[in-house]
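A quick write-up on the structure given underneath.
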Amino acid sequence: AQKITQTQPGMFVQEKEAVTLDCTYDTSDPSYGLFWYKQPSSGEMIFLIYQGSYDQQNATEGRYSLNFQKARKSANLVISASQLGDSAMYFCAMRDDKIIFGKGTRLHILP
Amino acid sequence: DSGVTQTPKHLITATGQRVTLRCSPRSGDLSVYWYQQSLDQGLQFLIQYYNGEERAKGNILERFSAQQFPDLHSELNLSSLELGDSALYFCASSVGPLISYEQYFGPGTRLTVT
């Protein structure tokens, strides 16, 4: 069965430092996609980054990159040079024939 | 602003009642998704419609039903409400028929069942 696990319920990071948010997954489908969403305190969901299971290179979008390790079934989100505005809830998700989300990691950026 | 609208913003109702949540997708998007976000269950995919047809089904209860109308707006009907149905209900939209990784989420409807 599909499963997404985010083991860090909360993280505190100093501004300007890099952050890694962990995500592991499990699926028996050889074709799947992994992605991350951000949910600020205002509540809206914002798409950040996507990685397909057959993509050879790790996805990058500005300060966001996805560290995809297929053999380990992990899809960690890396945020470089964190900013105060990065404080939010972050969800890892997986898509095959449906979509499931992890429980989320609440990231606090400290000034 | 994602371009997805949801009404109402807040809804308070009693157990056993029935409510309807409404969603208008972003202009040009044919797929609509419904999600439930609660503290204990997290964010759960309920159902997807594409151009009026049900496309994918997640953890949607039998007490819940949805439809997408010819003008592409969608409604989520929740009946025989229980305290545990209290949650934030999101609608999202995307262009194509396959479940998209890049969905545009509405602001949500906060449902409180008392």
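Since the model is a prediction, treat every value here as computed from it, not as a measurement. Sequence lines set the chain letters: A, B, ... in the order given, protein chains first and strands last, and positions in each chain run from 1.
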>> Need one label for A:Ile99: side chain, backbone, both or neither, based on atoms under 4.5 Å from any heavy atom in chain B.
In response: both

> Side chain, backbone, both or neither: which part of B:Asp1 has an atom under 4.5 Å from a heavy atom of chain A?
Replying inline: neither

> Got a second to check how far B:Ser24's OG is from B:Asp29's CG, nearest 0.5 Å?
Replying inline: 12.0 Å

> So which of A:Met45, A:Lys98, A:Met94 has the largest heavy-atom pair count under 4.5 angstrom toward chain B?
Replying inline: A:Met45

>> Counting only non-hydrogen atoms closer than 4.5 Å, does B:Ser100 touch chain A with its backbone (N, CA, C, O), its side chain (CB onward), both, or neither?
In response: backbone

> Could you give all pairs that pass the salt bridge (Lys or Arg N to Asp or Glu O under 4.0 Å) test and reach residues 41-65 of chain B, with sequence neighbours left out?
Replying inline: B:Arg63-B:Glu82, B:Arg63-B:Asp85

> Are the side chain of B:Gln68 and the backbone of B:Asn51 linked by a donor-acceptor contact shorter than 3.5 Å?
Replying inline: yes

> Side chain, backbone, both or neither: which part of A:Lys103 has a heavy atom under 4.5 Å from chain B?
Replying inline: side chain

> Measuring heavy-atom distances to chain A, does B:Tyr104 have an atom under 4.5 Å in its side chain, in its backbone, in both, or in neither?
Replying inline: neither

> Do B:Asp40 and B:Ser38 pass the side-chain hydrogen bond (donor to acceptor under 3.5 Å, both in side chains) test, and can you show the C-alpha distance, the side-chain angles, and the key distance before you say yes or no?
Replying inline: CA-CA 6 Å; B:Asp40 52 344; B:Ser38 61; 3.0 Å; yes

>> Heavy-atom cut-off 4.5 Å, strictly under: side chain, backbone, both or neither for B:Phe90 against chain A?
In response: side chain

> Using non-hydrogen atoms only, which part of B:Gln103 is less than 4.5 Å away from chain A: side chain, backbone, both, or neither?
Replying inline: both

> Counting distance only, does the side-chain N/O of B:Ser93 pair as donor-acceptor with the main-chain N or O of B:Val32 below 3.5 Å?
Replying inline: no

> Going by heavy atoms in the side chains, are A:Glu61 and A:Leu48 under 4.5 Å from each other?
Replying inline: no

